[in-house]
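Below, chain A is the first sequence line, B the second, and so on; all start at residue 1. Given the structure is predicted, the values throughout are model-derived calculations rather than measurements. Hydrogens, waters and symmetry mates are skipped; everything else that's a heavy atom, side chains included, is used.
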Amino acid sequence: MPSSPPDLNPEQYEAVHTLHGPLLIIAGAGSGKTRVITYRIAQMLEEHIPQNAILALTFTNKAAREMEQRVKELTGRKLTNLTVSTFHAFGVQVLRESGSALGYRDNFTIYDTEDCLTLLKSCAHELGQVWESKDLPDVAQLFSAIKTGRRGWEGEPAEYRELYREYGEHLLLYNAVDFDDLIMKPIEMFSTHPEILDAYRKRYRYILVDEFQDTSISQFEIVRLLADEHRNLCVVGDDDQSIYSWRGANFENIVLFERHFPERKEIKLEQNYRSTGIILAAANALIVHNTNRKEKALWTPTEGGKSIEVIHPVDETDEARFIAETIKTLKFRENRTYDDFGILVRTNSLTKHLEMALLHHNIPYKVSGGTSFFQRKEVKDVIAYLRLVVNPSDDVNFLRILNTPRRGAGRQFLELLVAVSRAKSLCHFDALKDILVTQQSGVPDETRAELAAFMELIEEYQTRSRRPRVKMAPQARELLEEAGYYEYLALENAKSDKAFRWKTQNIESLLKFLEDWETDPDNSRPDLGSFLNRITLITRDDLNDREEKGAVSLMTIHASKGLEFKVVFVVGVEDKIMPHEKSLAEGPEVLEEERRLFYVAITRAREKLYLTVCRTRRTLKETFHPAPSPFLEELPTELLQESETQQEDVTEEDWDDLMASLKKKMQP
DNA sequence: GTAAGGCCCGTTTTT
DNA sequence: CGGGCCTTAC
């Protein structure tokens, strides 16, 4: 590794070589941020800072993996002791290592959003509270805001507090945590157990945070606690690309950072290596309309470029058709490949027509969105079995599979189970055992036998899982077989053999994944518990990587952050979509966030940018004539070229065909 | 306890 | 217009 690479500009060079003390790097879009970060880590290793003293925090698993990969390539070293992790995964690590201080056993389970909702529902039920099930997600969101300190209780009814308390108690009882706990519990532990905090401070003496504008107050709190003493904290971010405030992200963390670390050094990376002068000029002209931002101006030596095209399709079908045809044309005429193209949408609901058009034109594409692999029912069922094997106190997952396949445990039995659990303070699993042992009346013999078999099955595999060096993937196959899960799937999908095979295949993929995890020589924690916690934190984007190259990318603007494409289409650049009408209601700061969102979209493009504005758009019931996005007026007209599309009718049959093939693709 | 049909709802972004 | 959830009927 070159110690002073010639390919860094002066600011980048300084950022790479400033290793001590607090450092704030404001990295504009396309300013070579990732390179700076990887070079900087490489430089640390070069200066003999031990790997295990470095902690690099990112937002997504994907970013973490990429960073690790690039450092590996750059240095040619094995990086077994370097910690590159997401905030949440770091939280898991801390809880595993030290969570016993707060009463967690290291086999704890992480609940995803769905699990939490299930738990909330059962808590409400237990308290005799009646909720419209559509309201529960809102309640869950409120609880999340409260847990992370973004909101207080004022103005909320007393039942909410009661439900919140019940929810929290149950989590603890189940030895389970939700996403927020992964951040808040470490903070709690650090404040109540200074000796633990001290150990982490001594260990992680160099800390780096990527996408700092997306960190929440509590995430910054973790970092601040860790870095307070040694103060070797480098944060990298771009306030103009802060688009996650609804999730608690607070780009004013940048201000907080300056306050907490007044001796900080600040470096601005303003040279853009990505986009043409025209695209950059448009982006700059747009973002200056935001009031609350750090002054900066991206520049590029490559002036000019192709104009930004503003297209006015007749309607959304025409819009999709135009995009598909343009992709085909450009691929041929400019000799491009499909992965040169990115289609960006504000909301997932906008992708439908686009998918159909791409399908119609035989254009390979990948979408980020829809249900993630790990959310599919059959996959979650299998995960529930495995989670129960790891953590028998996990009632939510217990209930998920108790009657899957059917074992005759219906409403009545459930009432009994809950009653026994409560009366004897047992988890459901132990309560089941108790019911079976005490020969409690009211349970039909057949049911009793099936449930006994179920219980013994789980216990058997709990025992097996504790054997040293056991490989759980083959065990899991056996477990499912014995549980009759495959038969259940066959029965459930009796009408469609294809559906059955598809689901079995998904399960097989999951178990393959587990197998790879268990046999990976570089994996320092190849146990089942770590695997399960790991996959709960995996989101859709992380998996997309494994898919084929050579496909057009179709995704939300949010999902596109950090990516770039030679040609970008931004779909529906219309009022009420961009800015989105739902967000407008929330106030003027949100308008600025919507502008940042558009800014992110524009700056994904390297060479050519298309913006589409439909003449008419159909929503649920009505058709209307959308106005162009107000943001369009903020772009200098001389950079834009407006045009209509030539319409070409799609016949009714074509439409039906496409509908059919789209369905087939989504649910084989 | 399960299976099928009707009703009502919705559409912001996701670690 | 389509999907998910809930009720009702065996």
Checklist line | Residue mapping more 5' on DNA chain B - nearest nucleotide basis, A:Asp180 or A:Leu491 | finding: A:Leu491
Margin query: Tell me whether the rings of A:Phe179 and A:His88 are parallel (<30°), tilted (30 to 60°) or perpendicular (>60°).
Written below: perpendicular
Next item on the list: Side chain of A:Ala559 only, please: which of B:dT2, B:dT14, B:dT12 is the nearest?
Entry: B:dT14
Check: Quick one: does A:Phe413's side chain get under 4.5 Å of A:Leu432's, heavy atoms only?
Finding: yes
Notebook entry, point to check: CD of A:Gln213 versus C1' of B:dT13: gap in Å, rounded?
Noted result: 15 Å
Checklist line | Centroid-centroid under 6.0 Å between A:Phe500 and A:Trp502 rings | finding: no
Checklist line | Distance, rounded to the nearest Å, where A:Asp210 contributes CG and B:dT15 contributes P | finding: 15 Å
Checklist line | 5' precedence on DNA chain B between A:Gln219 and A:Asn403 (nearest-nucleotide basis) | finding: A:Asn403
Check: Hey, does the side-chain of A:His558 have a donor or acceptor N/O within less than 3.5 Å of a partner on the base of B:dT14?
Finding: no
Margin query: Under 5.5 Å centre to centre and under 30° between planes: does that hold for A:Trp246 and the six-membered base ring of B:dT12?
Written below: no
Note to self: Whole angstroms only, please: what is the CZ-C1' distance between A:Arg407 and B:dT2?
What the structure shows: 17 Å
Item checked: C1' spacing across the pair B:dT11 / C:dC6, given as an integer number of angstrom -> 22 Å
Next item on the list: For A:Arg65 and B:dT15, give me the distance from atom CZ to atom P, rounded to whole Å.
Entry: 13 Å
Checklist line | Atom pair distance, as rounded to whole Å: NZ in A:Lys561 and C1' in B:dT15 | finding: 12 Å
Check: Between A:Arg406 and B:dT2, does any side-chain N or O lie under 4.0 Å from OP1 or OP2?
Finding: yes
Next item on the list: Starting from C1' on B:dT14, measure out to CD on A:Gln375 and report it in whole angstrom.
Entry: 11 Å
Next item on the list: Rounded off to whole Å, could you give me the CD-to-P distance for the A:Glu316 and B:dT11 pair?
Entry: 18 Å
Next item on the list: Let me know which of A:Thr351, A:Leu344, A:Val613, A:Val345 forms a side chain to side chain contact (heavy atoms under 4.5 Å, CB included) with A:Val571.
Entry: A:Val345
Next item on the list: Using a heavy-atom cut-off of under 4.0 Å over every strand shown, decide if A:His580 touches base, sugar-phosphate, or nothing.
Entry: sugar-phosphate
Next item on the list: With the side chain of A:Thr556 defined as its heavy atoms from C-beta on, choose the nearest nucleotide among B:dT14, B:dT15, B:dT12.
Entry: B:dT14
Check: Is A:Ser349 touching bases, backbone alone, or none of the nucleic acid, heavy atoms closer than 4.0 Å?
Finding: base
Next item on the list: Classify the ring geometry between A:His558 and A:Trp246 as parallel (under 30°), tilted (30 to 60°) or perpendicular (over 60°).
Entry: perpendicular
Check: Taking OP1 and OP2 of B:dT13, is either one under 4.0 Å from a side-chain nitrogen or oxygen of A:Asn348?
Finding: yes
Check: How many Å lie between CG on A:Asp214 and P on B:dT13, as a whole number?
Finding: 17 Å
